[in-house]
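Notes follow once the structure below has been shown.
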Protein chains: 2
Amino acid sequence: MDLTNCPLFEDVSPEEIDQILHCFCSNTRHLQAGELLNCSDIVGKIGVLLAGEAKIIRIDYDGSRTLMETLTPGSVFGEALAFANSPLDQMFLECVNSCDLIFFAYTHFTKRCANSCEHHNILLQNLFRLLSKKVLTMASRVEVLSHRSIRAKLLCFFRITAAEAKSTRFTLPFSITALAEYICADRSAMMRELKAMKEEGLLQMDRRQVTLLSVGEEA
Amino acid sequence: MDLTNCPLFEDVSPEEIDQILHCFCSNTRHLQAGELLNCSDIVGKIGVLLAGEAKIIRIDYDGSRTLMETLTPGSVFGEALAFANSPLDQMFLECVNSCDLIFFAYTHFTKRCANSCEHHNILLQNLFRLLSKKVLTMASRVEVLSHRSIRAKLLCFFRITAAEAKSTRFTLPFSITALAEYICADRSAMMRELKAMKEEGLLQMDRRQVTLLSVGEEA
DNA sequence: AAAAATCTGTTGCAACTGCAACAAAAAGAA
DNA sequence: TTCTTTTTGTTGCAGTTGCAACAGATTTTT
C-alpha cells in the first residue's frame with residue numbers, strides 16, 4: 001500500500017498522494033497467486049502493482065505464451081504503457097503470487113483537472129518519463145526480435161545486457177526458460193544453440209551467469 | 001519548411017513557432033536522395049522531416065537491413081521516440097529522395113525554460129502524445145515479431161492492419177519487399193508462404209490489396 | 001524430510017526458413 | 001519510347017528451428 005516509491009508518484013508528497021487518490025477515481029483489487037486478469041477488462045486505466053509479483057503475458061490462438069514484462073511492487077502498467085490496441089483479449093496479467101493492485105482512469109493524468117492542482121503537472125512529467133523508458137525498452141525488444149536466427153537474437157540480447165551492465169560478465173535478469181519466451185524461440189532449440197555457442201567459445205555460462213567472450217564478430 | 005502541420009507543434013501558432021525556433025537552438029540540414037545519416041550523430045536531438053521522404057533503418061554486422069519506420073513530411077524522430085540506446089551506430093536515416101530536416105535539442109522540451117513560456121507546456125503535451133502513439137506502434141511490432149513462424153507473423157500483421165482499417169479488405173502500407181523487412185523474414189520465404197496461404201484460401205491478394213478470408217482460426 | 005512442481009538439459013525427426021540464383025513485371029528515368 | 005532500376009514471383013537445397021518426449025537437478029510446498 002505504499003505509492004511513495006512508485007515512479008509514477010515521484011516527487012509527490014504522501015499528503016498529495018492521498019489527495020490524488022480522492023481526486024482520481026481509483027479502485028483497488030486483490031488477486032490470488034496464479035490468477036489471470038484479462039487486459040481488455042482494464043481498458044482506459046493505469047494500474048500500479050502495490051504488492052506481490054506479476055507478469056504481463058500474451059497467450060494467443062494456438063496457446064503459445066509470450067512474456068511481455070515482469071512487474072514488481074511499484075511497477076506501472078496499462079495499455080498505453082504496454083500493449084497494442086488490437087488484440088487486448090490476448091493480453092493477461094498473471095499473478096506469480098498474491099497481488100494487490102490499484103487502478104486509475106487514464107484521463108485523469110492527461111487532462112488538467114478543474115482546480116488545476118500543481119501535482120497534475122508533476123504526474124504528467126512522471127508519466128512522460130515512464131513512457132520514454134518504455135519506448136527504449138520496447139526498442140531493445142524489437143531489436144532483439146528483429147534478428148532472424150536464435151543465435152543472432154541471443155547475441156543481440158547478451159550485448160544489450162552487457163552494455164547495460166557495463167561488463168561482458170552479467171547475470172540474466174530472468175530464468176533461462178523465460179529467456180526463451182523473451183526471444184520468442186523454442187526453449188529446447190535455444191538450449192541447443194547455447195550449447196553450440198559455448199562449444200565454439202563465444203561465451204561461458206554457468207546457470208544465469210553469462211560471460212561474453214568474443215564480442216563483435218559476425219551475427 | 002512548414003512546421004504548423006507537424007504533430008509536435010499542434011496547437012502552437014505560427015508566431016509562437018517562430019519564437020520557439022529562436023529560443024531552442026535548432027539547425028536545419030539538407031540531404032540528397034539515398035544519403036545515409038548515422039543516428040549516433042544526432043544523439044540528444046529531436047528531428048523533424050520538413051520535406052522529402054525517408055526511412056529509419058537498422059543495418060547490422062552481417063549487413064541485413066531492418067525497416068524501423070517510414071518518415072513523411074512532419075514526422076518526428078529521435079532516439080527517445082525511436083531507437084534503443086545501445087547500438088545507435090547501426091541505426092540510419094536513409095533518404096528516399098531529397099530531404100530537408102530540422103533538429104532541436106531534446107532538453108528544451110523536457111526542461112522548463114527560464115521565462116517559463118506557456119507553449120513549453122503545450123510542446124510537452126504534444127511530445128507526450130507522440131510518445132504514447134509510439135509505444136502503441138512498437139507494441140504492435142513486438143506483437144508481430146513475437147510469433148515464431150512467417151505465417152503467424154503475417155496473419156498477426158494482417159489482423160492488426162485489418163482492425164485499423166475496420167475491414168478485412170485493406171491495402172498494405174508499404175511494398176511487399178518492405179513487408180518482408182518489417183516482419184524480419186526472408187523475402188522469398190515470405191512469398192512462398194503467401195502463395196501457400198492464398199492456395200489454402202486464407203486470403204486473397206492482388207498486389208498490395210489484401211482480403212482476409214477466414215479470420216480467427218489457428219495461427 | 002518427503003512429495004510435488006519447476007526448471008534445466010538432451011535428442012531424433014519433420015517441417016520451415018534462409019540463401020542463392022533466376023525470370024518476369026512494373027515503375028522511373030532518359 | 002526505350003533503357004534502367006526496382007519490385008515481384010519462383011525454385012532447389014542445406015541448415016536451422018520447432019515439436020515431442022524424456023531425465024536429472026532445483027526449488028517449493030506440504
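Because only heavy atoms are used, hydrogens play no part in the values below, and waters and symmetry mates are left out as well, while side chains stay in. Below, chain A is the first sequence line, B the second, and so on; all start at residue 1.
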Between atom [atom1] in [X] and atom [atom2] in [N], what is the gap in whole Å?
X	N	atom1	atom2	answer
A:Met190	D:dT16	CE	C1'	15 Å
B:Glu199	D:dT10	CD	P	9 Å
B:Gln209	D:dT8	CD	C1'	17 Å
B:Arg151	C:dA15	CZ	C1'	12 Å
B:Glu200	C:dC16	CD	P	9 Å
B:Glu193	D:dT10	CD	C1'	15 Å
A:Lys153	D:dT16	NZ	C1'	12 Å
B:Leu194	C:dC16	CG	P	15 Å

| query | Side chains of A:Arg169 and A:Thr211: do they bring a donor and an acceptor to under 3.5 Å? | reply | yes

| B:Ser13-B:Glu16 side chain donor-acceptor pair, cut-off 3.5 Å | yes

| Aromatic plane relationship, B:Phe103 with B:Phe77 - under 30° parallel, 30 to 60° tilted, over 60° perpendicular | perpendicular

| field | Bend angle of the helix from C:dA1-D:dT30 to C:dA30-D:dT1, end axes from five pairs each (to 10°) | value | 60°

| request: Could you run through nucleotides 4-12 of chain C and give me one letter per nucleotide, 5' to 3': B if any protein heavy atom sits under 4.0 Å from the base, S if only the sugar-phosphate is that close, - if neither? | output: ---SBBBBB

| field | Chi angles and distances behind the salt bridge (charged side-chain N to carboxylate O under 4.0 Å, His left out) call for A:Glu200, A:Arg151 | value | CA-CA 12 Å; A:Glu200 289 174 38; A:Arg151 173 172 299 212; 2.9 Å; yes

| said: Does any part of the side chain of A:Leu154, heavy atoms only, come nearer than 4.5 Å to the side chain of A:Val144, both counted from C-beta? | reply: no

| Backbone N/O of A:Phe92 and side chain of A:Asn38: donor-acceptor pair under 3.5 Å | no

| ring-ring contact (aromatic ring centres under 6.0 Å, His included) partners for A:Phe9, two or more places apart | A:Phe104

| said: To the closest 0.5 Å, what do you measure between CG (B:Leu213) and CD (B:Gln204)? | reply: 5.0 Å

| Between A:Glu164 and A:Arg159, is there a side-chain N and carboxylate O pair less than 4.0 Å apart? | no

